[in-house]
Enquirer: 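A single structure is presented below for examination.
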Amino acid sequence: MTDVEGAFRAAFQAPPEFIVRAPGRVNLLGEHVDYNDGWVLPAAIDRAAYLAARAAPEPVVSLAAPDLEASAAFRLSELDAEDDPAAGANPRLDAIGRPLARWAWYPAGVAWALRRHGLRVVGLEAALTSTVPRGAGLSSSAAVEVAFAAAWQRLGGWELPPLELARLCQRAENRYVGVASGLMDQFASICGRAGHALLLDCRTLDWQPVPLPAGVSIVVADSGVRREIARSEYNTRRAQCQVALAGLRQAMGNPGLRALRDVSVEDFNRYAPALDPLVARRARHVVEECARTRAAAGLLRAGRVADFGALMNECHASLRDMYEVSCLELDALAEAAQRIEGCFGARLTGAGFGGCTVNLVAAATAEDFRRDLSRAYQEATGRQAAIWVCQAADGAAVLQPGG
Ligand code: GLA
């Protein structure tokens, strides 16, 4: 853990009441399907956002973020004026009427979403640190949202079912921060289970933990690449999925078709020629990824790691060729990993356009894998990857200071 307690004491000259840990995640399979009502298979990881906090007497939220060497404060009453903050002209303001720093939009957005849901949100003093690399596709922002939601839940005297809390965090990100995202990241940060992946049906919100077989390690490799276009490309992909859906409704004579997740691979093959070729490629990824993810969960349960890994490799190829959200560096990482002995599967994880790959590796060879992958990546790209073995971790929890 980072010294979030020390950061709190330094900022507020007092001990915190409690500490929240909210993890980042990797996604093993089910990429770019959560916003198509599909199935995802993420795991929370042992990298997390940490929040040390105590209730404040005034309805003001005061924040210290030593990682960013920044502090910020905002008034809870300011938030209620904003109906649809991301869409409106209303600037997000701090406690003295200046523009609120962007990193503080996440807690402000969570407070906004909780209050609009009729929940009690108290003033807060809080220090925030994180070991989730930012913008790397490991859900650093969802971890921050969930940490604050858990803090306000603890202090507010209310308790929501986990999926409802995840949805409110997602709403904060979509409607207050103004970034489109599905539910996967917040779900994983809240519902994570040590040693397990989590299979979520993004329509029904039913989910089950799926044990990770013994002797298998999750290795994350950060390409070091961050691309600004990721956000706009994400929105474009979502729009293309909607266009595909409309086209399939017509071609299949089924106006009630709700989402791409409702299209079987067989039906898709039959009707895809009716779609624009680019849109058809996007939709093919989604339809096949839904089938892959459901099959993969069964394989994992059965301990068939090699077969599971083969589906991860297929997923990477599909993200590269059909969905076109990969990049040279991620391809270099995935392809090098797939050639290394002891690696069952390797693919980009998260939205793409940079960030990380996730690798399933025989635990006994994980150290060799790390060394070989690092060397191969440097040879291919001249870049240095940060590579580490992850543990699948529990979801967000409130801890006692000093614990
Ligand atoms: C981002 C979003 C998620 C999901 C992934 C792609 O991480 O926040 O909701 O859409 O991209 O699978």
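Heads up: numbering here begins at 1 and tracks the sequence. Read the numbers this way: they start at 1 and go in the same order the structure lists the ligands and their atoms.
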Enquirer: Can you list the atoms of ligand 1 that are under 4.0 Å from a heavy atom of Tyr35?
Expert: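 Going through ligand 1 atom by atom, the ones under 4.0 Å from Tyr35 are 10 (O).
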Enquirer: Is the closest heavy atom of Arg25 to ligand 1 under 4.0 Å?
Expert: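 It does, in that a heavy atom of Arg25 comes within the 4.0 Å cut-off of ligand 1.
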Enquirer: Just jot down the ligand 1 atoms closer than 4.0 angstrom to any heavy atom of Glu31, in number order.
Expert: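 Numbered from 1, ligand 1 contributes 6 (C), 12 (O).
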Enquirer: Describe, in one word, how the ring planes of His32 and Tyr234 are oriented to each other, choosing from parallel (under 30°), tilted (30 to 60°) and perpendicular (over 60°).
Expert: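 Rings of His32 and Tyr234: tilted, as their planes differ by 30° to 60°.
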Enquirer: Give a yes or no on this: more than 12 heavy atoms of other residues, nucleotides or ligands lie within 6.0 Å of atom CD of Gln378.
Expert: yes
Enquirer: Surrounding CZ of Arg102 (heavy atoms of other residues, nucleotides or ligands, distance under 6.0 Å), is the total greater than 12?
Expert: yes
Enquirer: If you count the non-hydrogen atoms of other residues, nucleotides and ligands that lie under 6.0 Å from CZ in Arg203, is the total more than 12?
Expert: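 More than 12 heavy atoms, drawn from other residues, nucleotides or ligands, come within 6.0 Å of this atom.
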Enquirer: In ligand 1, which numbered atoms sit nearer than 4.0 Å to a non-hydrogen atom of Met184?
Expert: 4 (C), 5 (C), 12 (O)
Enquirer: Just which atoms of ligand 1 are under 4.0 Å from any heavy atom in Asp34?
Expert: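 In order of numbering, the contacting atoms are 3 (C), 4 (C), 9 (O), 10 (O).
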Enquirer: Under 4.0 Å from any heavy atom of Gly182, which atoms of ligand 1 are there?
Expert: 3 (C), 9 (O)
Enquirer: Can you tell me which residue among Asp321, Asp331, Thr357 is in a side chain to side chain donor-acceptor pair (under 3.5 Å) with Ser326?
Expert: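 The residue from Asp321, Asp331, Thr357 that satisfies side chain to side chain donor-acceptor pair (under 3.5 Å) with Ser326 turns out to be Asp331.
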Enquirer: I'd like to know if Glu164 and Arg167 make a salt bridge, using a cut-off of under 4.0 Å between side-chain N and carboxylate O.
Expert: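 Between Arg167 and Glu164 there is no salt bridge, as every charged N stays at least 4.0 Å from the carboxylate O atoms.
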Enquirer: Among all protein heavy atoms, pick the one closest to atom 1 (C) of ligand 1 and tell me residue, atom and distance.
Expert: Asp185 OD2, 3.8 Å
